[in-house]
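Written out below as structure tokens is the structure these notes cover.
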Amino acid sequence: MDELKLNTTQEQRFQVIEELRKEGMDPYGQRFDRTHSTIEAKNYYEKLVCDVPEEEKEHFTTPDIKVAGRIIGKRDQGKTTFMNIMDMVGRIQLYIRKDVLGEDNYAILKKKIYAGDIIGVEGGCFRTKTGEISIRVKNVTLLSKSINPLPEKFHGLTDVEMRYRQRYVDLIANPEVRDTLIKRSKIIKNIRDFMGTKGFLEVETPMLHPVAGGAAARPFITHHNTLDQEMYLRIAPELYLKRLLVGGFEKVFELNRSFRNEGIDTTHNPEFTMMECYQAYGNMETVLELAEAVICNAAEMFYKDLQVPYQGKVINLSRPWKRVSMLQLVRDVTGCQELTYSSPREQLVELAKKLEVEFEEKDTAVKIMGKIFDEKIESTLIEPTFVVEYPKEISPLAKANREKPDTCDRFELFINGKEFANAFSELNDSEDQLARFEAQIEQRKAGDDEAHEMDADYVNALRYGMPPAGGLGIGIDRVVMLLTDSASIRDVIAFPTLKKISANQNQKPNPEE
RNA sequence: GGGAAAUUAGCUCAGCUGGCAGAGCAACUGACUCUUAAUCAGUGGGUCAACGGUUCGAAUCCGUUAUUUCCCA
């Protein structure tokens with residue numbers, strides 16, 4: 001494979017590996033039992049040095065410990081070598097002397113071990129003249145040779161494409177990437193634990209769906225060979241979680257991936273992580289409070305006062321969060337206070353034109369209203385805002401409001417102008433649900449390929465009776481973005497979706513295409 | 001979907017009006033027993049994203065393609 005061809009530097013390094021093998025050394029070592037991480041080693045020194053008399057502190061060295069990591073810098077100084085090694089939690093300096101290591105070992109270290117290699121070392125901790133806690137190395141164990149040179153130490157790896165494509169290099173070169181992913185893990189654990197303490201049971205429902213449902217989105221299509229049947233990667237776990245409610249589970253959640261075959265930008269990745277939960281005998285209000293609690297509880301891990309710095313702004317997550325009616329927001333932005341979800345299409349067309357909001361011929365009045373909201377209102381909702389009273393027409397799984405039949409009991413949560421959560425009082429009337437599906441199918445026929453599909457088995461489940469319930473979905477990647485001050489969803493996903501570099505990409509273009 | 005920009009050594013980047021392909025770091029050789037972007041002396045390293053065109057001559061001008069980024073819808 002061409003992309004694996006070695007360049008000059010790599011060739012040299014490969015030669016070194018061969019030489020090491022000839023000398024009987026294993027370039028790719030075995031288990032190494034560390035006693036301390038880099039940070040623990042420094043703490044160990046700090047702790048022991050406290051009890052040392054003042055005049056002896058300067059020359060104090062701790063008992064031997066064992067530390068391992070990747071060499072990220074080497075300063076060769078003749079008969080002394082300084083190195084820095086990095087492990088998952090931090091870095092520490094090594095002080096290596098020829099007279100301690102011995103002639104032969106020092107020669108190998110000097111000539112055949114370099115930045116990028118992974119080593120284990122043994123020795124005591126001390127403080128150098130310039131004040132840095134270091135390890136006075138007595139033994140070096142080679143654990144892994146590196147053939148690929150590391151990116152430049154000062155500028156690091158900045159090429160955005162390469163950072164995403166070769167995240168492993170990015171992680172070595174840019175410590176903040178690792179910090180972000182560690183925070184991501186902490187946030188997810190925090191949410192999982194929080195849901196547990198609230199009595200929700202974590203469940204796993206299918207990712208391969210015979211019918212893609214639970215959201216308005218285009219699915220990925222795949223195929224099962226032995227069943228010889230089309231399958232869809234799930235766009236949402238919603239309909240399966242509610243089947244569990246029918247079956248008698250009362251508080252369930254799932255925190256995992258969904259897939260939507262749509263555009264990619266700074267807030268959308270085709271596979272993304274969502275936490276969806278359902279609470280039987282609850283409603284929209286129940287899960288509204290839950291949404292606030294979940295996000296605030298996670299935010300408090302990093303920001304006790306809930307003042308969250310994000311991309312130069314400060315977003316105040318203090319509770320309670322604002323609630324506004326979608327209809328009222330649209331009325332305000334259009335200046336038309338008589339507007340309702342039953343207003344005639346011509347009126348919306350006129351308002352959309354006035355605001356220069358584009359729409360399509362097939363769009364209904366409510367759809368146009370949705371577009372006005374998306375374009376003129378959404379991005380202005382910076383502080384956490386629950387937008388409530390959604391039109392029933394675009395919420396086919398939500399219960400209609402008893403007083404306002406064209407409205408449903410649904411909210412979407414917006415923070416920093418982006419959707420963070422979507423929730424409603426779940427529709428549990430099977431025949432209403434059937435009618436809603438049928439309306440969606442009409443819309444699909446009219447050209448809306450994001451309209452929901454009929455899920456007959458789900459209707460059948462509802463016919464057994466589902467308790468009234470509140471359901472909530474929170475976009476986890478966006479929560480992580482907010483709490484890690486990340487500008488792009490790609491920064492909070494270890495391996496974001498990228499276009500494949502095809503083997504014939506650089507060939508002559510095919511005139512047939 | 002539309003617009004703009006980027007793509008040159010392993011990495012970070014220069015390269016002007018078309019005229020021998022450059023620097024720093026990394027690597028290699030050597031000096032140096034408290035350095036930390038170590039320092040000093042020397043050496044090697046290139047499909048200038050790909051393909052085509054204009055030209056005596058193209059990294060540079062033109063076109064197409066690819067990937068990525070940003071903005072707009």
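Each chain gets a letter, A, B and so on, in the order its sequence line appears, and its residues count up from 1. Scope of the values below: all heavy atoms of this structure, side chains included, with no hydrogens, waters or symmetry mates.
Here the side chain of Thr158(A) is nearest to one of C28(B), U68(B), U12(B), namely U12(B). The side chain of Phe126(A) approaches C34(B) more closely than any other nucleotide in the set C11(B), A27(B), C34(B). Among the nucleotides U67(B), C11(B), C32(B), the one closest to the side chain of Lys79(A) is C32(B). For Val160(A), the listed nucleotide lying nearest its side chain is U68(B); candidates were C11(B), U68(B), C34(B). The side chain of Lys499(A) lies closest to A66(B), out of A66(B), U12(B), C34(B). With U33(B), A73(B), A26(B) as the choices, the nucleotide that has an atom nearest any side-chain atom of Tyr95(A) turns out to be U33(B). When each of C34(B), A27(B), U12(B) is scored by its nearest atom to the side-chain atoms of Tyr114(A), the top-ranked nucleotide is A27(B).
At a threshold of 4.0 angstrom between heavy atoms, the contacts of Gly156(A) are confined to the sugar-phosphate backbone, with no base atom among them. Gln93(A) comes within 4.0 angstrom of a base, heavy atoms only. Thr266(A) comes within contact range of the sugar-phosphate backbone alone, with a heavy-atom separation under 4.0 Å but no base atom that close. Contact annotation for Glu132(A): base contact, defined as any heavy-atom pair under 4.0 Å involving a base atom.
Per the geometry, CD belonging to Gln10(A) stands 11 Å off C1' belonging to A27(B), to the nearest Å. Rounded to whole angstrom, the span from the NZ atom of Lys74(A) across to the C1' atom of A37(B) amounts to 17 Å. Atom CD1 of Ile147(A) and atom C1' of A26(B) are 16 Å apart (whole Å). Protein atom NZ of Lys145(A) is 11 Å distant from nucleotide atom P of A27(B), rounded to whole Å. A straight line from CZ of Arg127(A) to C1' of U35(B) spans 16 Å, rounded to a whole angstrom. Look at OH on Tyr164(A): it is 12 Å from C1' on C70(B), rounded to the nearest Å. The distance from atom CD of Glu152(A) to atom P of A9(B) is 14 Å, rounded to the nearest whole Å. Glu11(A) has its CD atom 23 Å from the P atom of U43(B), to the nearest Å.
Taking atom P in both G45(B) and U39(B), one finds a spacing of 24 Å when rounded to whole Å. Only the P atoms considered, U54(B) is 42 Å distant from U43(B), to the nearest whole Å. Distance noted for atom P between U17(B) and U60(B): 14 Å (whole Å). Separating the C1' atom of U47(B) from that of G42(B) is a span of 29 Å, rounded to the nearest Å. Between the P atoms of C28(B) and G44(B), the separation comes to 16 Å (whole Å). G18(B) and A58(B) have their C1' atoms separated by 6 Å, with the value rounded to a whole Å. Taking atom P in both A6(B) and A49(B), one finds a spacing of 12 Å when rounded to whole Å. Look at the C1' atom in both G22(B) and C48(B): the space between them is 12 Å, to the nearest Å.
The partner of A41(B) is U29(B), by the rule that a Watson-Crick or G-U pair needs both atom distances under 3.5 Å. Base pairing of U7(B) is made with A66(B), judged by Watson-Crick or G-U wobble geometry with both donor-acceptor distances under 3.5 Å. The pairing partner recorded for C48(B) is none, the criterion being a Watson-Crick or G-U wobble arrangement whose two distances lie under 3.5 angstrom. The partner of A23(B) is U12(B), judged by Watson-Crick or G-U wobble contacts that both fall below 3.5 Å. Within the shown strands, nothing qualifies as a pairing partner of U60(B) under the Watson-Crick or G-U definition with both distances less than 3.5 Å. Nucleotide G18(B): unpaired (no Watson-Crick or G-U wobble partner with both distances less than 3.5 Å).
Counting only N and O atoms by type, the side chains of Thr273(A) and Arg184(A) include a donor and acceptor under 3.5 Å apart. A side-chain donor-acceptor contact under 3.5 Å links Thr38(A) and Asp87(A).
By the 30° and 60° cut-offs, the orientation of the rings of Phe220(A) relative to Phe259(A) is perpendicular. Relative orientation of the Phe82(A) and Tyr95(A) rings is tilted, given thresholds of 30° and 60° on the angle between their planes. Ring geometry, Tyr44(A) versus His36(A): the interplanar angle falls from 30° to 60°, so the pair is classed tilted.
Between Lys111(A) and U29(B) there is a side-chain N or O to OP1 or OP2 distance below 4.0 Å. Distances shown here put a side-chain N or O of Arg165(A) below 4.0 Å from the OP1 or OP2 atom of U68(B). Checking the phosphate oxygens (OP1, OP2) of U33(B), no side-chain nitrogen or oxygen of Lys98(A) falls inside 4.0 Å. Side-chain nitrogen and oxygen atoms of Thr8(A) include none within less than 4.0 Å of the OP1 or OP2 phosphate oxygen of G44(B). Put simply, Asn148(A) has no side-chain N or O that comes within less than 4.0 Å of OP1 or OP2 on G10(B).
Contact record, Glu271(A) with Ile493(A): O-CD1, 4.3 Å, taken as the closest heavy-atom pair.
Where Glu161(A) and Phe154(A) meet RNA chain B, the nucleotide closest to each residue was compared, and Phe154(A) sits on the side nearer the 5' end. With RNA chain B read from its 5' end, the first of the two nearest nucleotides for Met83(A) and Pro149(A) is the one closest to Pro149(A).
Annotation: side chain to side chain donor-acceptor pair (under 3.5 Å) contacts of Glu161(A) (sequence neighbours excluded): Arg165(A).
A donor and an acceptor atom never sit less than 3.5 Å apart when one is taken from the side chain of Gln77(A) and the other from the base of U39(B).
Judged by a 6.0 Å distance limit and a 45° cone about the ring axis, Lys145(A) is positioned over the six-membered ring of Tyr114(A).
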One pair to check against side-chain hydrogen bond (donor to acceptor under 3.5 Å, both in side chains): Asn84(A) and Arg75(A). What are the steps and the verdict? CA-CA 9 Å; Asn84(A) 294 87; Arg75(A) 293 175 296 284; 3.0 Å; yes
